[in-house]
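Please read the structure below before turning to the comments.
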Amino acid sequence: MCIRDRYMGIVNEMNHLNEIILCIGAALFGIGFYLSKSKPKGDQPISETSNEKSNSSTTQQIEQAASFKDLKIRYMIPFFLLSAGYWLEGPYLRAIYQKHGFNTEDISLFHSLSYIGTSLASIFLGRIADQYGRKTLCSINGFIFFMGSFLRIIPSKTGMIIACFLKASSDVIIDSSYDAWFISEFARRKLSNSFSKSFYEELYHKDSIISIVITYLSSHIPNEIRVATVLVISGSLALLSGIIVYKSWTENEIQDSKKTSVKLDKPQMTIQLISFFAIHSLLYAILQNFIYLWPKLVSEHNKKVDLGILFCCFMASLYLGSTLFKILGDRFHIKPEKIMTIGFSLSFITFFMIKFLSENFSALLFSFLLFEIGYGLLMPSFSVVRRKYFPSEFYSQYLGLLKLPATILNVIAVYFLSDATIIQLCLAFCLICLTVNLALNKRSSLTTKDKTH
């Protein structure tokens, strides 16, 4: 009887813990939703909807709004389908490996191979997309993602290794060619730059909502069939995304293969480009290390936390971060470059707490949520800012190459460094990013003042 009571107490503790995490996620989402719907006083930023309804709108503005709406639909539907598949697999990657009986060394090998695959794909896929077509590569990506998910269903080490390279290639295409197609199509349609910021605000805002819904629903799939179900659904969504891209997108700018380099007119611009490239790449390294660390850190506490519910809570934080990005820009007129400073500051605080307060599970959970809020600020900020640094004809190559130094660092970290050292490394990366970003902001302010004088 005593043993039974103790067992029931553990079960109740598990349920209560998951319920608390779910309530935290719901509260974060509620705050984000309230802030996104509350209207600021005073003048509102002009959106495509207000342009259509305004009596003073010109015919050109109305046509641009219609063209922009069409572009959004063409881009967002396949992107969100692919993103839903990505979020479905996100919290269960380690569980997939463990269910197939792979040990810790095998799991580290798979992570390392994924990073190596990303490095190799970063070198070639961006250039292929810019030369032979971004639509082509994005449509093929649906099949690549599908095959990666299918191979993970089979408990074979060889299949897992192939899946690692396929998924790594898919990640590079998602992070480079999709955005490159949108930027070129945006320029081809000669749309106003005022639409760009609102697009990324809406994109990451809706993506966060989709991730919350997807991860919450996946947490209710029975454990016995969860891994297989998640992989089948995610692969099918990716395949559907690729088909829609093939049917609805048009091929836009294809780079002349004779062009081999970008000419930058000013040395100052070259310095800014290198600095921006460095912090963007380090951000990828920080994110990948966080993805590698958080399931391990949770398991070390022997907390039977449902990873789907915890990941859902993460996505609620991401949603709140993307909402704050919109508020800081629209209401307080803070530039994305300055918002990046806030995001890197939150990332630095996160790894500081992980390093010194990791023994306290509540502090650990708070630090995770803080990181996701910061990343919710950083994602749209980088998407807006990088447009002024990366030429559109080389856009896929630049975005692909961003991951190359980051993945090399991650391979070294996973294979040769302890978890404690990785945390210290991420802390240093955050500090470097914060320092360089502040320097870029200062240089940008000085340049603006010189122009006004």
Side-chain angles (χ1 to χ4, degrees), residues 75-102 106-107 110-111 113-118 120-121 125 129 134-178 181 206-249 288 291 295 307-308 311-312 315:
Y75 180 87
M76 285 186 175
I77 290 175
F79 179 84
F80 286 148
L81 284 170
L82 191 61
S83 179
Y86 183 85
W87 293 127
L88 256 178
E89 292 187 19
Y92 304 113
L93 184 57
R94 195 174 187 86
I96 291 169
Y97 296 145
Q98 290 174 339
K99 186 174 179 63
H100 290 323
F102 295 111
D106 290 330
I107 294 173
F110 296 146
H111 278 287
L113 290 175
S114 295
Y115 296 145
I116 293 170
T118 302
L120 295 173
L125 290 180
R134 291 143 184 180
K135 172 198 168 181
T136 303
L137 201 60
C138 290
S139 58
I140 295 172
N141 181 56
F143 180 73
I144 294 173
F145 192 105
F146 171 79
M147 286 304 300
S149 298
F150 176 76
L151 287 172
R152 280 178 172 167
I153 299 175
I154 306 168
S156 164
K157 191 170 184 177
T158 304
M160 286 293 174
I161 290 172
I162 297 171
C164 287
F165 284 102
L166 289 174
K167 288 291 188 178
S169 300
S170 179
D171 286 348
V172 172
I173 294 171
I174 294 169
D175 290 337
S176 59
S177 298
Y178 273 80
W181 180 87
K206 289 182 176 178
D207 189 38
S208 300
I209 295 174
I210 289 170
S211 65
I212 293 168
V213 174
I214 286 292
T215 50
Y216 178 73
L217 292 176
S218 68
S219 68
H220 287 74
I221 300 173
N223 289 329
E224 297 78 14
I225 61 170
R226 182 180 292 178
V227 168
T229 304
V230 161
L231 290 170
V232 169
I233 294 175
S234 64
S236 302
L237 289 173
L239 196 60
L240 179 60
S241 171
I243 293 170
I244 293 174
V245 167
Y246 179 76
K247 292 288 186 182
S248 63
W249 285 17
Q288 291 300 325
I291 292 171
L307 294 181
F311 196 74
C312 182
M315 295 304 100

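- Rounding to the nearest 0.5 Å places OG of Ser218 at 9.0 Å from CZ of Phe311.
- Here the closest non-hydrogen pair linking Cys164 and Tyr97 is SG-OH, 4.0 Å.
- Ring orientation note: the planes of Trp249 and Tyr178 are nearly perpendicular, at an angle over 60° on the 30°/60° scale.
- Between Cys312 and Ile212 the shortest heavy-atom distance is SG-O, 3.5 Å.
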>> Applying side chain to side chain contact (heavy atoms under 4.5 Å, CB included) to Ile210 and Met315, what does each step give before you reach the verdict?
In response: CA-CA 9 Å; Ile210 289 170; Met315 295 304 100; over 6 Å; no
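- Closest heavy-atom contact between Phe110 and Ile161: CE2-CG1, 4.0 Å.
- Using a 4.5 Å heavy-atom threshold, the side chains of Lys167 and Ser149 count as touching.
- Within the 3.5 Å criterion, the main-chain N or O of Phe165 finds a donor-acceptor partner in the side chain of Ser169.
- The CZ atom of Phe143 sits 10.0 Å away from atom CD1 of Ile140, with the distance rounded to the nearest 0.5 Å.
- Atoms CD1 and CG, on Ile214 and Leu88 in that order, are 5.0 Å from each other to the nearest 0.5 Å.
- Rounding to the nearest 0.5 angstrom, the gap separating the NZ atom in Lys206 from the CE atom in Met76 is 5.5 Å.
- Across Ile244 and Pro78, no two heavy atoms sit closer than the pair CG2-CD, 4.1 Å.
- A 4.5 Å side-chain heavy-atom check between Ile107 and Gln98 finds at least one atom pair inside the cut-off.
- Distance CG/Leu137 to CG/Leu125: 5.5 Å, rounded to 0.5 Å.
- Other residues, nucleotides and ligands contribute at most 12 non-hydrogen atoms within 6.0 Å of the OH atom of Tyr216.
- If you check the side chains of Lys135 and Ser177, you find no donor sitting under 3.5 Å from an acceptor.
- The backbone N or O of Val230 sits less than 3.5 Å from a side-chain atom of Ser234, completing a donor-acceptor pair.
- In this structure Asp207 satisfies the side-chain contact (heavy atoms from CB on, under 4.5 Å) test together with Phe79, Phe80, Ser83, Trp87, sequence neighbours excluded.
- Residues satisfying the side-chain contact (heavy atoms from CB on, under 4.5 Å) test with Ala168, not counting sequence neighbours, are Thr118.
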>> Please determine whether side chain to side chain contact (heavy atoms under 4.5 Å, CB included) holds for the pair Asn141 and Leu82, giving the CA-CA distance in whole Å, both sets of side-chain angles, and the decisive distance to 0.1 Å.
In response: CA-CA 9 Å; Asn141 181 56; Leu82 191 61; 3.4 Å; yes
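- Sorted by first and then second residue, the pairs that involve residues 136-152 and meet salt bridge (charged side-chain N to carboxylate O under 4.0 Å, His left out), not counting sequence neighbours, are Glu89-Arg152.
- With sequence neighbours left out, Lys157 forms a salt bridge (charged side-chain N to carboxylate O under 4.0 Å, His left out) with Asp106.
- Taken from OG in Ser156 to CG in Leu151, the straight-line distance is 8.5 Å, to the nearest 0.5 Å.
- Considering all non-hydrogen atoms of both residues, Phe145 and Ser170 come closest at CD1-OG, 3.3 Å.
- Other residues, nucleotides and ligands place no more than 12 heavy atoms under 6.0 Å from the CZ atom of Phe150.
- Judged as a salt bridge (charged side-chain N to carboxylate O under 4.0 Å, His left out), and not counting sequence neighbours, Asp171 has no contacts.
- Considering every non-hydrogen atom in both Val227 and Ile96, the closest pair reads CG1-CG1, 3.6 Å.
- Residues satisfying the side-chain hydrogen bond (donor to acceptor under 3.5 Å, both in side chains) criterion with Ser139, sequence neighbours excluded, are absent altogether.
- Around CZ of Phe102, the count of heavy atoms belonging to other residues, nucleotides or ligands within 6.0 Å exceeds 12.
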